[in-house]
Structures are given as structure tokens and as C-alpha cells.
Number of protein chains: 2
Amino acid sequence: MDVPTVKTGTRSRDPERTRAQLMEAALTEFGDHGFHGARVDRITKAVGCNARLLYHYFSSKEKLYIAALEHIFTDIRAQERQLELERLPPRAAMERLVGFTFDFFDSNPLFVKIARNENLLEGRYIVQTEAVRASSLPLMDAITQILEQGYREGAFAHRYDPLQLYVTIVAISAHHLNNGHTFSVIFGVDLLSPEWRAERRRHAIAFVMNALDAAPAQS
Amino acid sequence: MDVPTVKTGTRSRDPERTRAQLMEAALTEFGDHGFHGARVDRITKAVGCNARLLYHYFSSKEKLYIAALEHIFTDIRAQERQLELERLPPRAAMERLVGFTFDFFDSNPLFVKIARNENLLEGRYIVQTEAVRASSLPLMDAITQILEQGYREGAFAHRYDPLQLYVTIVAISAHHLNNGHTFSVIFGVDLLSPEWRAERRRHAIAFVMNALDAAPAQS
DNA sequence: CCCCTAAGTAAGAAATTTATGAATTAAATC
DNA sequence: GATTTAATTCATAAATTTCTTACTTAGGGG
């Protein structure tokens, strides 16, 4: 990152840096190629360290992948906690929640990619990690609260199951990122361009608000 | 499929059958493991033919993958054409369209998996195929028509861009299939169980209809 | 300043996986 | 029934990729 990694000869000793660099490179590599497509060789080359070090720190390609998985999934939690919706009225809270969810996926392509690959592998590794299971997510709690209050106050006309609604919000926010390449070819429109994504954001918020029947939202 | 493939020695000659079996097995293999995770060896073993045959018919693993991709994407078209919406009034047509889209993904897991993998590879291969590009899909035309008529007749209160709406319909229909494994671990609910999927279907239709503000839909 | 631990290097073994050359034989054609 | 075509087999080359054994050296604690 900071030191431009001396090509030949000796590499200065700094276990923390080396470990962190390997993790960083692993996230990119696994994100770009998936578990099977990833090459330990490329990872160590990207870091500029000897191939043996990867095994020194992570034992095997598989263990490295699992570490990367845990790393990125625990990382979300921190971001989620930054969102504070308690004080906002239901409609404003919901708009902010959808916007936040959208922005999260939009600005964390690595998360999107690694999650996709883990699903390709049928969750083989994520089921093994303890760190990921959380009986209730902050965002889920927030949704449940917002809906409750919205129904009570008459801000929302329709009732939805919180989990169904959350899956829907994520779906609308992330599907074009997950399937952008195939969709773009089929429709002849680049769903991954900044312009399309910006318009998608507006659509996402409007669509969800309309489905809740929050009067002021339009289009 | 029909003949239980003789284990040793001689395999009866039937190029079409062999080719079809290889394609079938390839779809499963690529779907289950992705391009890099797929093994030509497993494919030929599944068919029960000699490993050399795969190269005889498809030249390389890569060419086989591309053939599989084309196969499954052109297959959709046939299914899409079966949907006839022209005669239905806008609300009924939209409900049917959403239901159809949902059912398509629900009953074509192979398509879902292969599309996911192709997106993992950033659409590297789909851009090479001619067969997939279709300037306008039957379903897109249908949506445009339904929306037009719905607005005109006052059945729909909100206006949406047809492509945005279609992406949303697909998103709501397929996201739990694309990300079922990670979501299930995180939420402790099996999003891939028949029960959850059945409930998801109801939610999908209700949500879209409400977002269009088609009065009778509820929940 | 020495010693010891672990960070790092060099080189290549081991295992896996894709692909091919060349012979064999079943079926289609005339 | 001879001839031809290509479907199928056998054996193995070629390439790739993960991982290990053995060695070297930097740097901190006493």
C-alpha cells in the first residue's frame, strides 16, 4: 500500500502489514474470479511477497477464503450501525433506509461479488463461520419498528412481513449489480453505468414508497 | 437418460444422443460449480462416455461452456413466447406477468445458476454469443403495452420506466434464489424452502400491484 | 552482543486437470 | 459387400496449480 514493494531480494519484516496485504489481495482475487478461479499465485504476486508466506499465514487456499469471507461479512455490521433511524418519522425513515441499502451495495462491489460467489458454492463456507450468524440484524429491527409505527400512524396503507420487505429492498437495490453483465447484453443498455445506477436509485425509493402507499412519493 | 449406459467396453454409436447428454451434463456441472470449478472429467463420467468425446464434440472446455450458455439462453425465448397477455385488462395482465416471471425462475434453477456464474465472470462469454442479443424481448414489449393501457384507462396511478419496472420484477422474483444461501444463514430462515418461496410469490405480486396502485391488491 | 523465534526466500515435489495423437470399430453410403 | 466416414477407445503428453521441505536472515529480549 504505502511501500512500493521492492521487486527482488529481501522484503522488510512486518507481519501485520503482510497479513493485511494478503487479505486485501485475497478479497480482490476471490471477488474477481470466485473460489475456484482464484489463484494463490496471483494473490502473492499482487502483494509482491513470496508464495510461501500465504501458507505461513493462512495454511491453505480454503482457509484464506474463509478468512476473507468472515472479514467482509463482519465489516458490514460496522457500516449498518452507523444508520440512525429511530428519531425519524416512518416515511422519512423508510426513504433513508432504502437509500442507505442501495448505497451500501452500490459502493461495496467487493461484498456483492464475494457474496455472489459464496452463493454459487451453495453457502458451503459461510455456514462454517460463526461470526456471520446474527439472530437479528440492526436493519431488520429498524424495519420492523418503522413499519409498526407507520401502520399505527396511518402513514402506510399496506402491511408487509418485515423479512419479505427487506429481501425486496435488497433485491431492488442489488439485482442490477448481481446480474448487470447478462442483463446489459440482453437489453443493450449498460445497467452498470453511473447514470443508470443513479436513475435506479430514484426508482428504488419511489417504487418501495409507492408500494407502501406513502402518498407524496411519485413516478 | 433411457439406456443405463453400459459401464465397460463398447458404447453404442449415437452422436446426437452423446452430444445431447454431454450438453445436459455440462449444464449441471457448470451450474453447480461455475466455469472454473467445473471438471470436464465429471462431465464425461456423468454421461458415462470416454473423456476424449467431449473434445471431439466441443473442442475445449471453454467452447463447451459457451455452447451451454447459448443453449440455456435461447431456451428462455421459447418459454417466454408461451405467455399471451394481449387480451387481458392491464391489472390482470400485470399480475399474470409477475406470476409468470416468478415461476420461470422458480422452476429453472439451472438458468439461475448459470446466469449467476456468467455474471461472476463479468459476462466474458455472453458478449461473444450472437444468439443471446435480442433488441427487444417479448416480455419487455408486453410490459410497455400493459403500462400504456393501464395509464390510459386509469388502472395504474404511477408511471414507471418499462425497463426499470422489468428489472424490479425480476429482482423481486429471483433475488432469494440468487442469494438464498447467504441470506438463509444470516436470517436463520430457509429462503429456499418451498414454503418460503410460495409466500414469496404472493408477496411479489402484491408488492408490484400496490406499487402500481392497482386498488384491489392488498397485504 | 548473542541467541532464539518467526518472517521471509529458494526451489521443486505432488497432485490435479486439460488436452492430444493414433488406433479401433460401428454404422451409413453406394 | 466393399468403402468411407466419423464415433469411440486407449494411453499419455502437457500444462497448471497447490503445497512442502529445507534453508536464510531480520529483529527483539535478555
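Every chain is numbered from 1 and lettered A, B, ... according to where its sequence line falls, protein lines coming before strand lines. Predicted model, so just to flag it, every value in this text is computed and none were measured. Computed over heavy atoms, backbone and side chain alike; hydrogens, waters and symmetry mates excluded.
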Point to revise | Shortest non-hydrogen separation from A:F102 to A:R197 and the atoms involved | key: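 Answer, listing the atom of A:F102 first, then A:R197: CZ-O, 3.4 Å.
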Practice item. Report the distance from atom CD of B:E16 to atom C1' of D:dT8, rounded to the nearest whole Å. Key: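 So the two atoms are 17 Å apart, to the nearest Å.
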**Study point:** Rounded distance (Å) that lies between atom P of C:dA6 and atom CZ of A:R19
**Key:** 14 Å
Point to revise | From CA spacing to verdict: side-chain contact (heavy atoms from CB on, under 4.5 Å), A:F187, B:L163 | key: CA-CA 9 Å; A:F187 294 117; B:L163 179 56; 3.9 Å; yes
Point to revise | Plane angle bin for B:F104 and B:F111 - parallel if under 30°, tilted between 30 and 60°, otherwise perpendicular | key: perpendicular
Point to revise | B:K63 charged N/C atom sitting above B:Y55 aromatic ring, 6.0 Å / 45° | key: no
**Study point:** Any donor-acceptor pair under 3.5 Å from B:R200 side chain to A:Q164 backbone
**Key:**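 Yes.
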**Study point:** Derivation of the side chain to side chain donor-acceptor pair (under 3.5 Å) call for A:E70 and A:Y125
**Key:** CA-CA 10 Å; A:E70 284 191 339; A:Y125 298 109; over 6 Å; no
Could you write out each protein N or O paired with an N or O of nucleotides 5-7 of chain D at a distance under 3.5 Å?
from  : atom 1 : to    : atom 2 : distance (Å)
D:dA7 : O5'    : B:Y57 : OH     : 3.4
D:dA7 : N3     : B:R13 : NH2    : 2.7

Point to revise | Aromatic ring proximity B:H176/B:F183, centre distance under 6.0 Å | key: no
Review point. Is any side-chain heavy atom of A:Y65 closer than 4.5 Å to a side-chain heavy atom of A:L121?
Key: yes
Check your understanding: Quick one: what's the B/S/- string for nucleotides 14-21 of chain C, heavy-atom cutoff under 4.0 Å, read 5' to 3'?
Key -> ---SSBBB
